[in-house]
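Small disclaimer: the values here were computed from a predicted structure and weren't measured.
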Amino acid sequence: MATILIVDDEPMQIRLLRAIMEETDHRLLEATGGQQALDVMAQQSCDLIITDCDMPGMNGLELAQRVLAYQPDFPILFLTGAMSDDRQLAIEAMGCQGITKPYSPLRLLALVNQLLS
């Protein structure tokens, strides 16, 4: 069982991810933004972050940069409404994965399993 931190500023997206992930044995934590995610991680150990790219304040890419500065191999899965070439390159340069909304629940679960293995 892994602990997965879901980071999204839209409550509906968090509920959707929870619904998809409840089929697994993973423990789920939530944050509504980048800074809150860092606060959660300071208090609880996590194995994976699933984060939206576009959030007010600290966005998903900035969150990833901060996490990876301390844990270079930490697995992060980005969710985005639009995957531009620049965004894809930035995600790949960090050694992370990205998936475009709307996404297949099976594809999401496959990426989660891949990142946790």
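Under the salt bridge (Lys or Arg N to Asp or Glu O under 4.0 Å) criterion, the residue pairs touching residues 47-65 are Asp52-Lys101, Asp54-Arg87, with sequence neighbours excluded.
Checked against side chain to side chain contact (heavy atoms under 4.5 Å, CB included), Ser117 has no partners two or more places apart in sequence or in another chain. Legend: residues meeting side-chain hydrogen bond (donor to acceptor under 3.5 Å, both in side chains) with Gln13, ordered by chain and number and at least two apart, are absent. Under the rule for a side chain to side chain contact (heavy atoms under 4.5 Å, CB included), the partners of Arg27 that lie at least two apart in sequence or sit in another chain are Met1, Thr3, Leu29, Gln44. Under the rule for a side-chain hydrogen bond (donor to acceptor under 3.5 Å, both in side chains), the partners of Gln35 that lie at least two apart in sequence or sit in another chain are Asp39.
At least one side-chain heavy atom of Leu116 sits less than 4.5 Å from a side-chain heavy atom of His26. Contact check for Leu79 versus Leu108: side-chain heavy atoms found under the 4.5 Å cut-off.
Once rounded to the nearest 0.5 Å, the distance linking CG of Leu89 with CE of Met94 reads 11.0 Å. To the nearest 0.5 Å, the span separating OH on Tyr70 from CG on Leu38 amounts to 9.5 Å. Rounded to the nearest 0.5 angstrom, Gln36 CD and Met41 CE are separated by 13.0 Å. Taken to the nearest 0.5 Å, the CG atom of Asp9 stands 8.0 Å off from the CD1 atom of Ile14. Summarising the geometry, atom SG belonging to Cys53 is positioned 7.5 Å from atom CG belonging to Asn59; distances are rounded to the nearest 0.5 Å. To the nearest 0.5 Å, atom CG of residue Leu63 and atom CZ of residue Phe78 are 7.5 Å apart.
For the side chain to side chain contact (heavy atoms under 4.5 Å, CB included) test with Ile4, the passing option among Leu115, Ile49, Ile50, Thr24 is Ile50; the others fail.
Hydrophobic clustering keeps Leu5 apart from Met21 (ILVMFWY residues linked when any side-chain heavy atoms are closer than 4.5 Å, directly or through intermediates). Note on Leu17 and Leu48: same hydrophobic cluster, where clusters join Ile, Leu, Val, Met, Phe, Trp and Tyr whose side-chain heavy atoms are under 4.5 Å apart, directly or indirectly. In the hydrophobic clustering of ILVMFWY residues, with side-chain heavy atoms under 4.5 Å counting as a link, Val40 and Met55 come out together. Connection of Ile76 to Ile91 is established within a shared hydrophobic cluster, with ILVMFWY side chains joined at heavy-atom distances below 4.5 Å, either directly or through further cluster members. Put simply, Phe74 and Ile99 are part of two different groups of oily side chains (I, L, V, M, F, W, Y) that touch within less than 4.5 Å, one to the next.
The minimum heavy-atom distance linking Val7 with Ala37 is given by the pair CG2-CB, 3.7 Å.
Distance alone, capped at 3.5 Å, is enough to place a donor-acceptor pair between the Arg18 side chain and the Leu28 backbone.
Taking a 4.5 Å side-chain heavy-atom cut-off between Ile, Leu, Val, Met, Phe, Trp and Tyr, the cluster of Met12 contains only that residue.
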